[in-house]
Amino acid sequence: MAKRIGLYWFTNDLRIQNNAALAKANEECDELLVVYLLDPKDLTANRYGFVSLGKNRLAFLAESLTDLARSLKQLGQHLHVFQQSPVATIAQLITIYNIDAVYRSESSGYYENQYWHMLKQQYSQLEFIEVATHTIFTSQQLPYSLSEIPSVYTEFRKKLEPIIPAYTPIKIEQLKKAPSVSSRLLKPDFPDALNDQLNNKIQLSQSSKIAIGGETQATQHLYQYFSSNHVSQYKISKNAINDINGSTKLSPWLANGCISVHQILQEVDKYEDFHGKSESTTAIKFELLWREYFQWLAKTAGVKLFTLAGMRGKKPLTPYYAQRLRSWTHGTTPFPIVNACVKQLNQTGYISNTGRKILASAMVNDLNLDWRFGAAYFEHQLLDYDVASNWCNWQNMAGVGVDPRTKLKLDLKEQQQLFDPSGDYVKYWKGETSVTTLASLDTVDLADWPLD
């Protein structure tokens, strides 16, 4: 019988354990080639003028890939990292290695799914196998079809909260060997070399780092957090603007797939078994279900996730204030709390949920800017960037998402008084500037936004 040769394509699942897609590929194939594809377009400026993988995100990714490569090596495998076009690279590998089946984790991203479908059409004779590893539910476990996803989160949560499926941890003790190395194989940048290359370009202060990428660090932080008393305070501390322990800080690893949502839910259940159910543990599950809701919304939205009119098809009127956008991204607006938030984001790749709402509200309401530039800037900066959560949240803040409520407008002075009454946060991040009015920012003529 001929050997079955598989190709495993790592995407947003940069872990070995509790990875059902990798486990399936390992079980079904005699030989397995494992790859990660760094799309060159993510390293060049996009239509909004921002590089998708900013320095903080890139550093976290490099750390995650290096950790993944070490884990794979311990299990008898090797990770090939290519900084090349995903479709062209996968196509060449299929031909070189006579691949029989291609595996990956399911994705909520429109463009990621476009790549997948292009390959399926090009190689219809092969098997293309996806497994849900990034969500709590599979599409088959949802109580309704994707076209029936509720437009209100509360309805979604009440329906799904009681039926969260039980999950059995998946352990991989050994991985199938890779097919024989071909001299025709495209020369990849391996993780260690990639990490060295990135570190030469990226000078990040260790004191500013919120998290180190990789499954090893993710697992360690998960256990440490749920062994601490921070869990019991989550309900009241999660909205704190400058409390490093206020939230779980699991989101960077969760977004990159260094840890699974099921692992987090299991730790919540264990904590409740020992300490009892509380408002804080309920709140953690509440946030994870919000994330789940956005994953499925993004799947239904498709390209509408990135359009000005959003999923509601309601295009806001936003003239082009170039200097206002620059001031927002550099933290030189007339609003100290906004400046402090964006400076923290720029330096660390992370801000609190409260900080994100403040920045979004300031952009769409006070500065009257196109919300997509804000979403693209978060994509550029956030360690925990997740295409579904980011773009769905921004749509709701701008009033173009499925949420039937109008866009949320925050009183920035009130927010500063509420979350930073002592002014320590603004002082620490140097939020005060000489700019006092919007008029002083408008040094160019107004024009329509240059994007459809």
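Side chains included, hydrogens not; waters and symmetry mates left out as well; all remaining heavy atoms used.
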Q: Quick one: do Ile90 and Ile99 satisfy side chain to side chain contact (heavy atoms under 4.5 Å, CB included)? Show the steps, please.
A: CA-CA 10 Å; Ile90 294 291; Ile99 298 296; over 6 Å; no

Q: Could you point out which residue of Asn12, Thr135, Asp13 forms a side chain to side chain donor-acceptor pair (under 3.5 Å) with Ser105?
A: Asp13

Q. Is there side-chain contact between Arg57 and Ser52, with heavy atoms separated by less than 4.5 Å?
A. yes

Q. Just wondering, more than 12 heavy atoms not from Lys299 lying within 6.0 Å of its NZ?
A. yes

Q) Once you round to the nearest 0.5 Å, how far does CD of Gln395 lie from CG of Asn390? A) 10.5 Å

Q: Could you please spell out the steps behind the side chain to side chain donor-acceptor pair (under 3.5 Å) verdict for Tyr428 and Gln344?
A: CA-CA 9 Å; Tyr428 182 84; Gln344 182 187 16; over 6 Å; no

Q: Would you name the heavy atoms of Leu68 and Ile16 that are closest together and state the gap between them?
A: CD1-CD1, 3.6 Å

Q. Hey, does the side chain of Arg291 reach the backbone of Ser389 with a donor-acceptor pair shorter than 3.5 angstrom?
A. no

Q | Residues that Trp296 engages under ring-ring contact (aromatic ring centres under 6.0 Å, His included), provided they are two or more places apart | A | none

Q. Can you list the steps and then say if Tyr167 with Ile136 is a side chain to side chain contact (heavy atoms under 4.5 Å, CB included)?
A. CA-CA 9 Å; Tyr167 182 77; Ile136 300 171; over 6 Å; no

Q: Could you label the plane-to-plane angle of the Tyr48 and Trp391 rings as parallel, tilted or perpendicular, counting under 30° as parallel and over 60° as perpendicular?
A: tilted

Q | Derivation of the side chain to side chain donor-acceptor pair (under 3.5 Å) call for Asp67 and Thr216 | A | CA-CA 7 Å; Asp67 185 70; Thr216 302; 2.7 Å; yes

Q: Answer yes or no: is there a donor N or O on one side and an acceptor on the other, between the side chain of Asp420 and the main chain of Asp424, under 3.5 Å?
A: yes

Q: For the pair Phe156 and Tyr293, name the ring-plane relationship: parallel under 30°, tilted 30 to 60°, perpendicular over 60°.
A: tilted

Q. Heavy-atom distance under 4.5 Å between the side chains of Leu359 and Trp328, does that happen here?
A. yes

**Q.** Any residue meeting ring-ring contact (aromatic ring centres under 6.0 Å, His included) with Tyr144, in chain and number order, not counting sequence neighbours
**A.** none

Q: Please test Tyr103 against Glu28 for side chain to side chain donor-acceptor pair (under 3.5 Å), starting from the C-alpha separation and ending with a verdict.
A: CA-CA 10 Å; Tyr103 297 79; Glu28 295 180 351; 2.7 Å; yes

Q) Got a donor-acceptor contact below 3.5 angstrom from the Gln217 side chain to the Gly214 backbone? A) no

Q) In terms of side-chain heavy atoms, does Ser64 have a donor or acceptor partner in Tyr36 at a distance below 3.5 Å? A) no

**Q.** Heavy atoms from other residues, nucleotides or ligands near NZ of Lys158 exceed 12 (cutoff 6.0 Å)
**A.** no

Q) Looking at CZ of Phe373 and CG of Leu367, how far apart are the two atoms once the value is rounded to the nearest 0.5 Å? A) 13.5 Å

Q: Check whether more than 12 heavy atoms from other residues, nucleotides or ligands sit under 6.0 Å from atom CD of Glu161, and answer yes or no.
A: yes

Q) Which word best sums up how the rings of Phe378 and Trp394 line up, parallel for under 30°, tilted for 30 to 60°, or perpendicular for over 60°? A) perpendicular

Q.
I need the minimum non-hydrogen distance between Trp253 and Gly213, along with the two atoms involved.
A. NE1-CA, 4.0 Å

Q) Do Asn18 and His262 come within less than 4.5 Å of each other through their side chains, counting heavy atoms only? A) no

Q | Option from Lys24, Arg104, Lys120 for which salt bridge (charged side-chain N to carboxylate O under 4.0 Å, His left out) with Glu130 holds | A | Arg104

Q: Using a strict 4.0 Å threshold on nitrogen-to-oxygen distance, state whether Asp269 and Lys285 make a salt bridge.
A: yes

Q: Could I get the full list of ring-ring contact (aromatic ring centres under 6.0 Å, His included) partners for Phe226, not counting sequence neighbours?
A: none

Q) Is Lys249 atom NZ crowded by more than 12 heavy atoms from other residues, nucleotides or ligands, each under 6.0 Å away? A) yes

Q: Compare every heavy atom of Leu146 with every heavy atom of Thr300, then report the nearest pair and how far apart it is.
A: CG2-O, 3.1 Å

Q) Of the non-hydrogen atoms in Val338 and Ala362, which two are nearest, and what is the gap between them? A) CG2-CB, 3.6 Å

Q. Which pair of heavy atoms, one from Leu305 and one from Trp371, lies closest together, and at what distance?
A. O-CH2, 3.6 Å

Q: May I ask you to decide if the ring planes of His380 and Tyr377 are parallel, tilted or perpendicular, using 30° and 60° as cut-offs?
A: tilted

(Q) Please check: side-chain N/O of Thr281 versus main-chain N/O of Val268, any donor-acceptor pairing under 3.5 Å? (A) no

Q: Mark yes when over 12 heavy atoms from residues, nucleotides or ligands other than Lys413 sit less than 6.0 Å from its NZ; otherwise mark no.
A: no

**Q.** Student check: side-chain heavy atoms of Gln233 and Ser280 closer than 4.5 Å
**A.** no

Q.
Does the plane of the ring in Tyr8 sit parallel, tilted or perpendicular to the ring in Phe10? Use 30° and 60° as the thresholds.
A. perpendicular

Q. Got a second to check how far Tyr271's OH is from Ser232's OG, nearest 0.5 Å?
A. 4.5 Å

Q.
Taking the ring of Tyr111 and the ring of Phe306, is the distance between their centroids below 6.0 Å?
A. yes

Q | Identified salt bridge (charged side-chain N to carboxylate O under 4.0 Å, His left out) partner of Glu287 from the options Lys235, Lys238, Arg157 | A | Lys238

Q.
As a quick check of understanding, evaluate side chain to side chain contact (heavy atoms under 4.5 Å, CB included) for Tyr234 and Ser278, giving each step before the final call.
A. CA-CA 10 Å; Tyr234 179 81; Ser278 68; over 6 Å; no

Q) What is the distance from atom CZ of Phe60 to atom OH of Tyr385, rounded to the nearest 0.5 Å? A) 15.5 Å

Q.
Evaluate Met363 against Leu325 for side chain to side chain contact (heavy atoms under 4.5 Å, CB included), listing each step before the verdict.
A. CA-CA 8 Å; Met363 168 168 268; Leu325 176 63; 3.7 Å; yes

Q: Using a strict cut-off of less than 4.0 Å between a Lys/Arg side-chain nitrogen and an Asp/Glu carboxylate oxygen, indicate whether Arg356 and Asp384 qualify as a salt bridge.
A: yes

Q. Does a side chain donor of either Asn365 or Ser361 reach within less than 3.5 Å of an acceptor in the other side chain?
A. yes

Q: Kindly indicate, with the supporting measurements, whether the criterion side chain to side chain donor-acceptor pair (under 3.5 Å) is fulfilled by Ser145 and Ser147.
A: CA-CA 5 Å; Ser145 67; Ser147 61; 3.0 Å; yes

Q.
So Pro336 and Gln416, do their side chains get closer than 4.5 Å, heavy atoms only?
A. yes

Q) For Thr333, does its backbone N or O pair with a side-chain atom of Asn339 as donor and acceptor, under 3.5 Å? A) yes

Q: Could you tell me the separation between the NE2 atom of His221 and the OG1 atom of Thr248, rounded to the nearest 0.5 Å?
A: 6.0 Å

Q: Could you tell me the separation between the OG1 atom of Thr318 and the CG atom of Leu308, rounded to the nearest 0.5 Å?
A: 5.5 Å

Q. Taking all non-hydrogen atoms of both residues, which atom of Leu119 and which atom of Ala91 are closest, and how far apart?
A. CD2-N, 4.2 Å

